[in-house]
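Single-structure report; data block below.
Values below: every heavy atom of this structure, side chains too, minus hydrogens, waters and symmetry copies. Numbers restart at 1 for each chain; the letters A, B, ... are given by sequence-line order, proteins then strands.
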Protein chains: 2
Amino acid sequence: MIIGYNPEDKVYLAVDCIIFGFDNEDLKVLLIQRDFEPEQGKWSLMGGFLKQNETLDDAAARVLHRLTGVHDIYLEQLYTFSEVDRDPVARTISTSYYAIINIEKYNEKISKKTNAKWFSLSEVPQLIFDHDDMLDKAIKRLRRRTSINPIGFELLPEKFTMRQLQKLYEAILNKELDKRNFVNKINSMDVLIKLKEKDMSSSTKGSFLYIFNEEQYNAKQDNHFYLKL
Amino acid sequence: MIIGYNPEDKVYLAVDCIIFGFDNEDLKVLLIQRDFEPEQGKWSLMGGFLKQNETLDDAAARVLHRLTGVHDIYLEQLYTFSEVDRDPVARTISTSYYAIINIEKYNEKISKKTNAKWFSLSEVPQLIFDHDDMLDKAIKRLRRRTSINPIGFELLPEKFTMRQLQKLYEAILNKELDKRNFVNKINSMDVLIKLKEKDMSSSTKGSFLYIFNEEQYNAKQDNHFYLKL
DNA sequence: CCAAAAGTGTTGAGAGTACACCCATGC
DNA sequence: GCATGGGTGTACTCTCAACACTTTTGG
């Protein structure tokens, strides 16, 4: 026995993932309907238990992959929830993670999977345990992050219009933005490349497509952007 | 056995606390020298194991109290560290918390306790395990928080001078601030009460003392301050 | 020719930043 | 009378926010 080490008790450790997506209209979150007790039939975040030889980051990535088929997604740890009775079955402490993904890119895979469904933020049903709190924290964090540096490109197709990008920001921040101010601000960040190509699907005039200039972005990353909207 | 619940493994759960203090000169952090193996003699954050019937928040408060005698301190969860080999003895996952306290107010209590010592941020020795990372994250968080709303009053005596407050911000942000701009900004927040009393210890002229106007502060809390320095 | 979305600049207000001199007093 | 830290205001710049009209083209 090692002196000073006196682990009082063991507990179960889990991860839960808040997956955000965007469908060109609303910010959505991916939920699953539980097909097992407790709380069978209710909606919840995607979760799973930690394995012996993986980190929480690994576990979150594994759970996400198992339930959606999605790989190589940036996951960020949010907060660890530890209320004693949060899970009625056993003392379980859960670390929440959030990720943002492109709905179209993954939709096919996801829809084949078990009981997963996208919900607009305004239509999220009551979730099990403390998953509402988790979602809440995730939304707040996403909003804060959005104003620090340009997240959100992960949520769009490779080529996108200014309008789409604006709608995405509006969905995340849950408020309307002025078109001219938005364009000016985005352009001043200098992380987009304007293509000669136009998207003709949304208007007769057509709107220019942009791609994300990853190189520029990475170069500026450290300084932060402080895109205040 | 409950279907769908398949907890793969159990792990040990701990908390570690990063305690910041201020001595009118430097921002300091409270460390303890381990008097047990492993890593006996090395410096570490204050930590302990989670008990069966307490939350992580509770555990952090308990550990802090046990090792410093300090009560009723605002602790904020930082991040949960879960590298498989972070603790060589057993798989241990640790959730870090940080707090900021008034050194003078508690110094007597603390100095009686086991091996605890304040270190200026620039003089922190190498810490055990991943405690360096924890400290690093805490400093970053503290700096970010400082610019969102006026933290830091916790670190000062009840009555303090503008100069002290400025030094505190300089210590947290690790840069020099302009005296006039600082005073203007603080005054524009309208959360201090200027006393008629002066502190005569630092100069012949004496400098006015202030107290924190908690009521005003709480009233404004929600809107945030965005004290950009 | 008209409906529908795209595209584009200017102005005013407020916040941030840089900057220098006088004041009070103990010694 | 002088050394030491305390106290104070202004001018410039930059960013944010509000705001409206023209362009394109498919139908």
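- Taking the six-membered ring where the residue is Trp, the centroids of Phe81(B) and Tyr79(B) are separated by under 6.0 Å.
- Remark: the Lys205(A) side chain and the dT23(D) base include a donor-acceptor N/O pair separated by less than 3.5 Å.
- Atom CZ of Phe208(B) is separated from atom C1' of dA24(C) by 11 Å (rounded to the nearest Å).
- Here the C1' atom of nucleotide dG7(C) and the CG atom of Leu195(A) are 17 Å apart, to the nearest Å.
- Across all strands, Lys194(A) comes closer than 4.0 Å only to sugar-phosphate atoms, never to a base (heavy-atom distances).
- Separating the NZ atom of Lys185(A) from the C1' atom of dT15(D) is a distance of 8 Å, rounded to the nearest angstrom.
- Within 4.0 Å of Thr204(A), counting heavy atoms only, lies at least one base atom of the nucleic acid.
- Judged by the 6.0 Å and 45° rule, Lys167(A) forms no cation-pi pair with Tyr169(A).
- More than 12 heavy atoms of other residues, nucleotides or ligands sit less than 6.0 Å from atom NZ of Lys198(A).
- Atom NZ in Lys179(A) sits about 14 Å away from atom P in dT23(D), given to the nearest Å.
- In this structure, the CE atom of Met200(A) is 9 Å from the C1' atom of dG26(D), given to the nearest Å.
- Rounding to whole angstrom units, CZ of residue Arg180(A) and P of dT15(D) are separated by 20 Å.
- Atom CD of Gln166(A) sits in a crowded spot, with more than 12 heavy atoms from other residues, nucleotides or ligands closer than 6.0 Å.
- Comparing Ser203(A) and Asn184(A), the nucleotide of DNA chain C nearest to each residue sits closer to the 5' end for Ser203(A).
- Counting distance only, with no hydrogens placed and no angle test, the side-chain atoms of Asn181(A) and the base atoms of dC16(D) include no donor-acceptor pair under 3.5 Å.
- If you take CD of Gln166(B) and C1' of dG7(D), they are 12 Å apart, rounded to a whole angstrom.
- Separating the CG atom of Asp199(A) from the C1' atom of dA6(C) is a distance of 11 Å, rounded to the nearest angstrom.
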